[in-house]
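One structure below.
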Amino acid sequence: MRTYYCGELRTSTIGETVTLYGWVDRRRDHGGVVFLDMRDRAGIVQIVSDPERTPNSYPTAEDVRNEYVIKVSGRVSQRPQDSINPNLPTGEVEVYAEQMEVLNAVRQQLPFQIASEEADAVRENIRLKYRYLDLRRDRLNQNLHLRHQVVKAIRRFLEDEEAFTEVETPILTRSTPEGARDYLVPSRVNPGKWFALPQSPQLFKQLLMVSGFDRYYQIARCFRDEDLRADRQPEFTQLDMEMSFLSEDEIIDLNERLICHIFKTVKGIDLPRPFPRLTYNEAMSRYGTDRPDTRFGLELVQVSDIVQDSGFKVFSEAVKSGGLVKALPIPGGNEQISNVRIKPGGDLFKEAAAAGAKGLAYMRVREGMEIDTIGAIKDNLSEEQKQELLRRTKAQPGHLLLFGAGDAVTVNKSLDRVRQALGEELDLIDKEAMNLLWVTEFPMFEWNPEEKRLESLHHPFTAPNPDDLDDLKTARAQAYDLVYNGIEIGGGSLRIYQRKVQEQVFEAIGLSLEAAQEQFGFLLDALEYGTPPHGGIAYGLDRLVMLLAGEDSIRDVIAFPKTQQASCLLTEAPSNVDEKQLKELYVVSTYDPEME
RNA sequence: GGGACUGUAGUUCAACCGGUUAGAGCACUGCCCUGUCACGGCAGAAGUUGCGGGUUCGAAUCCCGUCAGUCCCGCCA
């Protein structure tokens, strides 16, 4: 029977005879004495075996190899003074192995070494195929433990401090328009009909408010059949919350306390409260994005009004056709950024071009506030316009001003990209900083040029600001996002709780009354039976844990993630299924090997 | 759907401008070593250079295609 975990042994355990179970992390064979680093979930301890002191175990100790599973019994001893290992919590002690038993050997060459630093560099497809070995490694092990700690902190806070109730909502539910592509599941019992896996429990949690639960939360799995990224998996986990009778400020306050509790519990960090808030318009204006990274400056400056009447067509035409011109002033940029990088072919140009920009105009501010720029700008801007540009951008000698001109979306997107690239490159980002902020007052809708209709920016159940009800199309939403170091980790809103408003919003996004009744009739009906004012939020748990773990990919905080091709290299899912299964489901597969 | 990068022993990497017997560390096998902790030393085995074509006297290297992984754009209410 196990008496201790390997990692638990300390000087206080010296003299005890212990029984340990675990893996051989490393083996050092000196011919006459063998040292084993023995590992279990709690850590590593050194096992010693030699022919004189531990004759029973020595033959076994000579035979074992890395990652063998062993059982060891023996006395915990103080290490000789000159052999103490200060790098191990157990470094002052070691166990003389009176008994050693191999419970399971490693029969094949390991695909990679578990205990080696090199394993971090192993090609990811190999790590994913042998995920169970990858998860043995300290780094991933720690990540999943951290994830558990985060979830535990969430539950303690929401349940014990704030009286939230966890309710499970269906995984088999109905497909609804809007939003991401659905994962579909055929219904055997209802031939030709389909379930969809939930993109989020949105409607169910609202209905729970109608039912009077008042405060709901769920650690909920969500599914979206869209293309993957480092921070996007087809199935992911949300912390989903919904509350009745709370104002936007009250919801934000409760959530700040939740986030602070998480940071305090798992990282020991006291975050300053309240978190800063930016309106959507402010964020777009100053950073060109609705999730600004405020760990560094380099704020954008709106200059449309200065240059709209200039002879420089790139600027004036942009403003005339409804777009804008913005500047990105870079202190010291003259020294650090060459023209080659700004011009076509350069890396900063490419950064802007990736967002659809046609180019980057620039001005350099020399000694004595002399302006150094391309002829087209020099010749076509008046002296007053140039001076006003310098004033507005607070330019000083040494400054480089980059300009974006065009439609608002492209200008903001491209300058945001350039700003982030430079923040990184010029080492302006304090890596220790943890900047959490709220972005509020999102617009209700944005225009989708392809489908020629308005779309909900958040989702169609978001309540409009009551001050903006006379023109819903341009109304602000009572929505809020939580941004952590430039990454959106959560977002929510107050919801519509009146049928009439809900119908108006559906109408605004081009959903006819009939279609709305067909798709969302159950919600519209519910709104007629005494629905309380309510609102909520959902967090991307994987992203939050990724950031807390300092990882760059959510795959490193998910036990069994999928590849960018949405497949599982471990189980080889998705796979073919038996023709019989398809028949039972009244489904004809499109897969036809003959066609290939 | 599109762009970029990567693919060489189990693994991490090397192999210069197209010419070697395709090398090295770790792991593996054998031997030596009684205080190491990334132990050390000696010897050895280990390769369809992702796969398929092509160019060439000659291809890991150049070209085309294909597969896989990663990053990004589109997409993700």
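Scope of the values below: all heavy atoms of this structure, side chains included, with no hydrogens, waters or symmetry mates.
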For A:E248, give me all partners under salt bridge (Lys or Arg N to Asp or Glu O under 4.0 Å), at least two apart in sequence or on another chain. none
Tell me if B:C67 is syn or anti. Syn = glycosidic torsion within 90° of 0, anti otherwise. anti
How close do A:I14 and A:S77 get, heavy atom to heavy atom, and via which atoms? CG1-C, 4.1 Å
Whole-Å P distance, B:G54 and B:A60: 15 Å
Taking B:C73 as the reference, what is the distance to B:C37 when you measure between their C1' atoms (whole Å, please)? 49 Å
What pairs with A:E446 under salt bridge (Lys or Arg N to Asp or Glu O under 4.0 Å), at least two apart in sequence or on another chain? none
Interatomic distance, A:R27 CZ vs B:C26 P [rounded to whole Å]: 15 Å
Identify, residue by residue, the members of residues 474-494 of chain A with a heavy atom below 4.0 Å from RNA chain B, and return them in order of residue number, or none. none
Now, which nucleotide makes the Watson-Crick or G-U wobble pair with B:G40, with each of the two distances under 3.5 Å? B:C32
Reading nucleotides 28-37 of chain B from 5' to 3' and marking B where a protein heavy atom lies under 4.0 Å of the base, S where only the sugar-phosphate is that close, and - otherwise, the string is SSS--BBBBB
Between A:Y132 and A:Y130, how do the two ring planes meet: parallel, tilted or perpendicular, split at 30° and 60°? perpendicular
Mind checking who B:A4 pairs with, Watson-Crick or G-U wobble, both distances under 3.5 Å? B:U70
Hydrogens and angles aside, do A:Y68 and A:D63 bring a side-chain donor and acceptor to less than 3.5 Å of each other? no
Rounded to the Å, how far apart are A:D120 CG and B:U11 C1'? 13 Å
Interatomic distance at P, B:G2 relative to B:U8, whole Å: 26 Å
Please give, in whole Å, the distance from B:U11 C1' to A:D134 CG? 13 Å
Which of residues 506-521 of chain A have a heavy atom under 4.0 Å from RNA chain B? none
Return the nucleotide paired to B:C75: Watson-Crick means purine N1 to pyrimidine N3 with N6-O4 or O6-N4, wobble means G-U with N1-O2 and O6-N3, both under 3.5 Å. none
Apply side chain to side chain contact (heavy atoms under 4.5 Å, CB included) to A:A353 and list each qualifying residue two or more places apart in sequence or on a separate chain. A:F349
Taking the C1' atom of each, how far is B:C57 from B:C26, in whole Å? 40 Å
How far, in whole Å, is B:U29 from B:U66 if one measures between their P atoms? 43 Å
I'd like to know if A:R131 and A:D134 make a salt bridge, using a cut-off of under 4.0 Å between side-chain N and carboxylate O. yes
Whole-Å P distance, B:G23 and B:A45: 12 Å
Under the rule for side chain to side chain contact (heavy atoms under 4.5 Å, CB included), what residues qualify as partners of A:Q46, not counting sequence neighbours? A:R28, A:F35, A:D37, A:V48, A:R79, A:E94
Applying side chain to side chain contact (heavy atoms under 4.5 Å, CB included) to A:T54 and not counting sequence neighbours gives A:S49, A:S57, A:Y96
Show me the side-chain donor-acceptor pairs of residues 555-562 of chain A shorter than 3.5 Å, one per line, residues at least two apart or across chains.
unit_1, atom_1, unit_2, atom_2, d
A:R555, NE, A:E124, OE2, 2.6
A:R555, NH2, A:E124, OE1, 3.1
A:R555, NH2, A:E124, OE2, 3.4
A:D556, OD1, A:R127, NH2, 3.1
A:D556, OD2, A:R139, NH2, 3.0
A:K562, NZ, A:E235, OE2, 3.1

For A:F195, side chain to side chain contact (heavy atoms under 4.5 Å, CB included) partners two or more places apart: A:L172, A:V185, A:S187
Rounded to whole angstrom units, what separation is found between the CG atom of A:D225 and the P atom of B:G1? 12 Å
Working for salt bridge (charged side-chain N to carboxylate O under 4.0 Å, His left out), residues A:R39 and A:E67: CA-CA 9 Å; A:R39 182 190 74 229; A:E67 300 307 316; 2.9 Å; yes
For every nucleotide of nucleotides 68-74 of chain B, 5' to 3': is a protein heavy atom under 4.0 Å from its base (B), only from its sugar-phosphate (S), or from neither (-)? SSBBSBB
With sugar-phosphate meaning primed atoms plus P, OP1 and OP2, does A:P460 contact a base, only sugar-phosphate, or nothing at under 4.0 Å between heavy atoms? base
A:K129 has an atom NZ; how far is it from atom C1' of B:G50, in whole Å? 13 Å
Across all strands shown, which nucleotide pairs with B:A24 by Watson-Crick or G-U wobble geometry, both distances under 3.5 Å? B:U12
Taking CZ from A:R137 and C1' from B:C26, how many angstroms apart are they, rounded to a whole number? 15 Å
Grab the N/O contacts between the protein and nucleotides 41-43 of chain B below 3.5 Å, and write none if there aren't any.
none

In whole angstroms, the gap separating C1' of B:C76 from CG of A:D290 amounts to 14 Å
Using whole Å, report how far CG of A:L110 lies from C1' of B:A27. 8 Å
For B:U49, which nucleotide in any strand shown is its Watson-Crick or wobble partner with both distances under 3.5 Å? none
Would you measure the distance from the C1' atom in B:G3 across to the matching atom in B:C75 and give it in whole Å? 15 Å
Determine whether A:E488 and A:R291 satisfy the following criterion, salt bridge (charged side-chain N to carboxylate O under 4.0 Å, His left out), listing intermediate values before the conclusion. CA-CA 6 Å; A:E488 182 203 323; A:R291 44 183 176 86; 5.5 Å; no
Backbone N or O of A:T563 within a donor-acceptor pair of the A:S567 side chain at under 3.5 Å? no
Backbone N/O of A:Y217 and side chain of A:K205: donor-acceptor pair under 3.5 Å: no
Within the structure provided, determine whether A:H534 and A:L494 are in side-chain contact (heavy-atom separation under 4.5 Å). no
Assign A:T462 to base, sugar-phosphate, or nothing according to its heavy-atom contacts below 4.0 angstrom with the strands shown. nothing
Aromatic ring pairing A:F442/A:Y280, orientation class (parallel under 30°, perpendicular over 60°, tilted between): tilted
Using the P atoms only, state how far B:U56 lies from B:G41, rounded to an integer number of Å. 50 Å
Would the distance check show the side chain of A:Q478 and the main-chain N or O of A:P464 forming a donor-acceptor pair, the cut-off being under 3.5 Å? yes
